Amino acid sequence: MSEDESAALVSHEMAFEAAREAFVAVVDDAVIFPAVIAHGSETSNRFSIKSAATGAFAGLKVGSFWPGNDALGLPRHNSVILLFDQAVGRVEWVIEAGKVNAYRTAAADAVAVDALARPDASVLTIFGAGNQALFECLAIARVRPIRQIHVVARDPAKAEVFVAALQREGLNATGANAQEACQKADIVVTATPSRAPLFDAEWIRAGTHVSSMGSDAAGKQELPPALLDHAAVFCDLPAQAVMLGDLQHFTGDRTAIVALGDVLRGRTPGRTASDQITIFDSSGIALQDLTIARRLIAARG
């Protein structure tokens, strides 16, 4: 399936349902294999291989990040999903999924927000002004009544362009500094390649939900570790998040980290009080790619 075809078939609704299925599969019958984090001939060019299997399907996703593509007018991120024929072991489907990956990542955030954020959460702060940040905002606006978005970005020019893009989507958005944006937020989302905390823990007010979406490799970091110490902590896959996600910097009781699938299954509480701070750490799991791939194939007919 080509990039053009998968991009034409995908939707936020499809991605949301696929992400939810993936989170549940994590705590049911899925096996997640260790991620391979690698680089190209130039070490600044990165790629990863993530794979998984359930009782019904198995496959992998290859994701790449080539930062120099900007100068070529090409996307920096790309993804290819492979699904195996379970009867004979051959690759049955190869799906180019660059745009699909943006939907899939944002959908994981939306499922977490829907499960963990206060129902009345209406002010969103987004760190990052890249392509992924737009999808995050659009996905969250589907599950919460977002009336204001604060955009925090290192480059003011990029922030201005991003604010305009959000406004074209009918969302009320403004640029803001990190402290002000955090102090006003009901939901904080980080969608950056940062390797250091983006804000101070004390800037997050009681009742806020925080999603770390950019930390998906060793050394990456978006959240201040102090915030993790007095919040309820959730993630896609605990064993992976403590190696690749923001939770690699968590020095507290790791047995307290909850897989989001257990919340969705009703086995573990999510938010337990309106003034509780909740954190979702997304390290990225192949099941999200495999479940959305299956939906793309079904939609193709």
Side-chain angles (χ1 to χ4, degrees), residues 12 15-16 19 102-103 105-156 158-192 194 197-215 222-224 226-228 230-234 246 260 263 270-282:
H12 284 292
F16 184 92
Y103 275 91
T105 302
D109 191 4
V111 172
V113 166
D114 196 40
L116 301 173
R118 299 191 328 269
D120 63 347
S122 61
V123 179
L124 168 63
T125 286
I126 180 82
F127 281 80
N131 181 65
Q132 187 59 45
L134 177 62
F135 286 89
E136 301 292 327
C137 293
L138 295 175
I140 290 171
R142 293 183 65 254
V143 299
R144 285 298 182 271
I146 301 300
R147 59 176 177 80
Q148 178 67 51
I149 298 176
H150 297 294
V151 176
V152 183
R154 292 178 299 176
D155 185 337
K158 286 186 177 180
E160 186 176 344
V161 170
F162 184 52
V163 165
L166 290 170
Q167 291 173 343
R168 286 194 296 272
E169 296 288 345
L171 296 169
N172 185 25
T174 58
N177 66 61
Q179 183 172 356
E180 176 190 15
C182 287
Q183 290 173 338
K184 292 181 177 179
D186 300 315
I187 301 168
V188 175
V189 174
T190 57
T192 77
S194 178
L198 297 168
F199 54 85
D200 291 345
E202 57 267 27
W203 296 351
I204 302 299
R205 63 182 181 177
T208 301
H209 170 74
V210 180
S211 289
S212 168
M213 304 304 297
S215 294
E222 297 181 299
L223 308 185
L227 184 65
L228 302 171
H230 58 275
V233 181
F234 305 84
D246 236 295
L260 185 62
V263 177
R271 172 175 293 276
T272 56
S274 61
D275 62 350
Q276 185 180 45
I277 294 173
T278 55
I279 293 174
F280 172 67
D281 183 16
S282 175

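Computed from a predicted model, the values in this text were never measured in an experiment.
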Using side-chain heavy atoms (C-beta onward) and a distance below 4.5 Å, is [X] in contact with [Y]?
| X | Y | value |
| --- | --- | --- |
| Ser211 | Val113 | yes |
| Phe16 | Arg142 | yes |
| Phe127 | Val151 | no |

Minimum heavy-atom separation for [X] to [Y], with atom names?
| X | Y | result |
| --- | --- | --- |
| Arg271 | Thr208 | NH2-O, 3.6 Å |
| Pro145 | Ser122 | O-CB, 3.2 Å |
| Ser212 | Asp246 | OG-OD2, 2.8 Å |
| Thr174 | Val163 | C-CG2, 3.8 Å |
| Ala133 | Ile126 | CB-CG1, 3.9 Å |
| Gly130 | Phe162 | O-CE1, 4.3 Å |

Measuring from [X]:[atom1] to [Y]:[atom2], what's the distance to the nearest 0.5 Å?
| X | Y | atom1 | atom2 | answer |
| --- | --- | --- | --- | --- |
| Ile140 | Leu124 | CD1 | CG | 5.0 Å |
| Glu202 | Gln183 | CD | CD | 9.0 Å |
| Ile204 | Ile277 | CD1 | CD1 | 7.0 Å |
| His150 | Asn177 | NE2 | CG | 10.0 Å |
| Arg147 | Leu171 | CZ | CG | 13.5 Å |
| Ile279 | Phe234 | CD1 | CZ | 10.0 Å |

Between [X] (side chain) and [Y] (backbone), is there a donor-acceptor pair under 3.5 Å?
| X | Y | value |
| --- | --- | --- |
| Asn172 | Gln148 | no |
| Glu222 | Gly214 | yes |
| Gln132 | Ala102 | yes |
| Arg144 | Asp114 | yes |

* Asked: Could you go step by step and tell me if Arg205 and Asp275 meet the salt bridge (charged side-chain N to carboxylate O under 4.0 Å, His left out) rule?
  -> CA-CA 8 Å; Arg205 63 182 181 177; Asp275 62 350; over 6 Å; no

Exercise for the section: Please state whether the rings of Phe135 and Tyr103 are parallel, tilted or perpendicular, taking 30° and 60° as the class boundaries. Expected result: perpendicular

Applying side chain to side chain donor-acceptor pair (under 3.5 Å) to Lys184 and not counting sequence neighbours gives Glu180

Review point. Taking it one step at a time, do Val188 and Phe199 satisfy side-chain contact (heavy atoms from CB on, under 4.5 Å)?
Key: CA-CA 11 Å; Val188 175; Phe199 54 85; 4.3 Å; yes

Is it the case that over 12 heavy atoms from other parts of the model lie below 6.0 angstrom from the CD atom of Glu160?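 For Glu160, atom CD is not crowded (no more than 12 foreign heavy atoms under 6.0 Å).
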
Given the options Val210, Ile187, Leu260, Leu116 meets side-chain contact (heavy atoms from CB on, under 4.5 Å) only with Leu260

Could you walk me through whether Phe280 and Val111 pass side-chain contact (heavy atoms from CB on, under 4.5 Å), step by step?
CA-CA 10 Å; Phe280 172 67; Val111 172; over 6 Å; no

